[in-house]
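Both counts, for ligands and for their atoms, begin at 1 and track the order of listing.
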Amino acid sequence: MKKLPIGVFDSGLGGLTALSELNRLLPNEDIIYFGDNARIPYGTKSPEVIRKFALQDTRFLLSKGVKAILVACGTVSSNCLKEVAELAEIPVVGVINASAKKAADIAKEGNGRVLVLGTSATVNSGAYETALKDNCIDKISSRACPMFVPLVESWHPNSEDAATNAIVSEYLSDFAENNPDSAILGCTHYPLLAEIIQKYLPKTQLVSSGACAANEIKEILEKQDLLNENGGKIEFYTSGGADLFRLNASAFLNGEINGEVAHIDIEEFND
Ligand code: DGL
């Protein structure tokens with residue numbers, strides 16, 4: 001069991017931010033990454049469609065014999081993590097709980113204010129509000145930032161770029177005065193905008209949801225004595241084109257990805 005890989009999935013490339021953190025924390029684990037590039041974005045879709053896609057993604061990872069799953073996608077984590085966990089029957093970690101706890105801990109040292117940034121589907125789900133209230137935080141603001149994903153997907157964000165500044169300012173200027181203690185980057189893509197988000201929220205501590213989830217899965221594997229000491233291989237699968245995935249993933253991570261990339265037909269992974 002220890003030698004089995006960890007599965008990670010996302011609607012596309014964004015989950016690579018969580019994968020990098022997981023690989024940094026657990027370099028001896030084999031990892032299977034699935035990016036649903038053919039069907040991105042999830043964040044603008046209905047809860048029913050998100051659930052259908054998430055269960056297909058989970059069945060694919062289970063077919064690869066994974067020992068645990070990291071749901072890197074904020075949209076899936078906030079809309080149907082329970083259904084993914086029920087199907088998987090192995091440890092499943094989403095990006096909500098650990099990042100809500102970290103953001104709450106930071107806010108408790110300040111004014112008690114937390115800002116949640118995510119896709120429309122994540123914000124509409126109310127999952128972060130519930131998790132923050134469970135951590136005794138009730139001064140919560142939420143902002144859906146639907147332009148952030150296409151912004152990150154279309155070019156590598158640059159903090160000096162005028163269009164990037166206009167979009168980030170449009171979403172965040174109202175919150176600078178409110179002075180949140182912490183802001184949850186509740187979407188896989190947002191860590192790539194961290195520098196510029198910070199510019200508009202200068203006094204706010206940014207919390208990356210993917211990095212928090214990677215920590216949580218490490219703790220679970222340690223507790224269950226499931227850590228691998230001899231692995232380290234990463235395999236990438238995409239519902240889109242393998243060559244395009246490799247090219248864009250390298251740009252996304254600012255360096256060549258290390259591992260094989262293969263195309264799969266995700267529609268085959270039904271009930
Ligand atoms: N992976 C999604 C998330 O973290 C962002 C991209 C999308 O909308 O599919 O919410």
**Q** Please report which non-hydrogen protein atom sits nearest to atom 8 (O) of ligand 1, along with the residue it belongs to and the distance in Å to one decimal place.
**A**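 Sorting protein heavy atoms by distance from atom 8 (O) of ligand 1 puts G43 N, 2.9 Å first.
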**Q** Please determine whether a side-chain nitrogen of the Lys or Arg among K82 and E86 lies less than 4.0 Å from a carboxylate oxygen of the Asp or Glu.
**A**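 A salt bridge is present here (some side-chain N lies under 4.0 Å from a carboxylate O).
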**Q** Taking C-beta and beyond as the side chain, do N230 and K3 meet within less than 4.5 Å on heavy atoms?
**A**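 A side-chain contact exists here, since the closest heavy-atom pair is under 4.5 Å.
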**Q** With atoms numbered from 1 as shown, which atoms in ligand 1 lie under 4.0 angstrom from a non-hydrogen atom of G74?
**A**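 Counting from 1, the qualifying ligand atoms are 3 (C), 4 (O), 10 (O).
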**Q** Is the shortest N/O to N/O distance between Y42 and ligand 1 below 3.5 Å?
**A**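 By distance alone, the answer is yes.
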**Q** Please report which non-hydrogen protein atom sits nearest to atom 1 (N) of ligand 1, along with the residue it belongs to and the distance in Å to one decimal place.
**A**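 For this ligand atom, the closest protein heavy atom is D10 OD1, 2.7 Å.
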**Q** Does only the side chain of T188 get under 4.0 Å from ligand 1, or the backbone, or both, or neither? Count heavy atoms.
**A**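 Both backbone and side chain of T188 come within 4.0 Å of ligand 1.
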**Q** What atoms in ligand 1 come closer than 4.0 Å to a heavy atom of I40?
**A**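 Within the 4.0 Å cut-off of I40, ligand 1 contributes 9 (O).
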**Q** Would you mind checking if E48 and K52 are paired as a salt bridge, meaning a charged N to carboxylate O distance below 4.0 Å?
**A**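 The answer is no: the pair does not qualify as a salt bridge.
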**Q** For atom 5 (C) of ligand 1, what is the nearest protein heavy atom, given as residue, atom name and distance?
**A**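 Going by distance alone, atom 5 (C) of ligand 1 is nearest to C187 SG, 3.4 Å.
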**Q** Please work out which of G14, P41, S11 has its closest non-hydrogen atom nearest to atom 6 (C) of ligand 1.
**A**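 Nearest option to atom 6 (C) of ligand 1, by heavy atoms: S11.
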**Q** Does R246 pair with D243 as a salt bridge, N-O distance under 4.0 Å?
**A**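 Judged by the 4.0 Å cut-off on N to carboxylate O distance, R246 and D243 do not form a salt bridge.
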**Q** With side chains defined as the heavy atoms from C-beta onward, is the minimum distance between L13 and L16 less than 4.5 Å?
**A**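 The answer is yes, as the side chains (C-beta and beyond) meet within the 4.5 Å cut-off.
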**Q** Which of the atoms in ligand 1, numbered in the order shown and given with their element, are less than 4.0 Å from a heavy-atom of V149?
**A**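 Heavy-atom distances to V149 below 4.0 Å select 5 (C), 6 (C).
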**Q** Examine R143 relative to F175 and say whether NZ or CZ is less than 6.0 Å from the centre of the six-membered ring and inside a 45° cone about the ring axis.
**A**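 No, cation not above the ring by the 6.0 Å, 45° rule.
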**Q** Answer with side chain, backbone, both or neither: which part of T75 has a heavy atom less than 4.0 angstrom from an atom of ligand 1?
**A**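 Both backbone and side chain.
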**Q** Would you mind reporting whether I90 and I69 have side-chain heavy atoms less than 4.5 Å apart?
**A**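 Heavy-atom side-chain distance check passes, below 4.5 Å.
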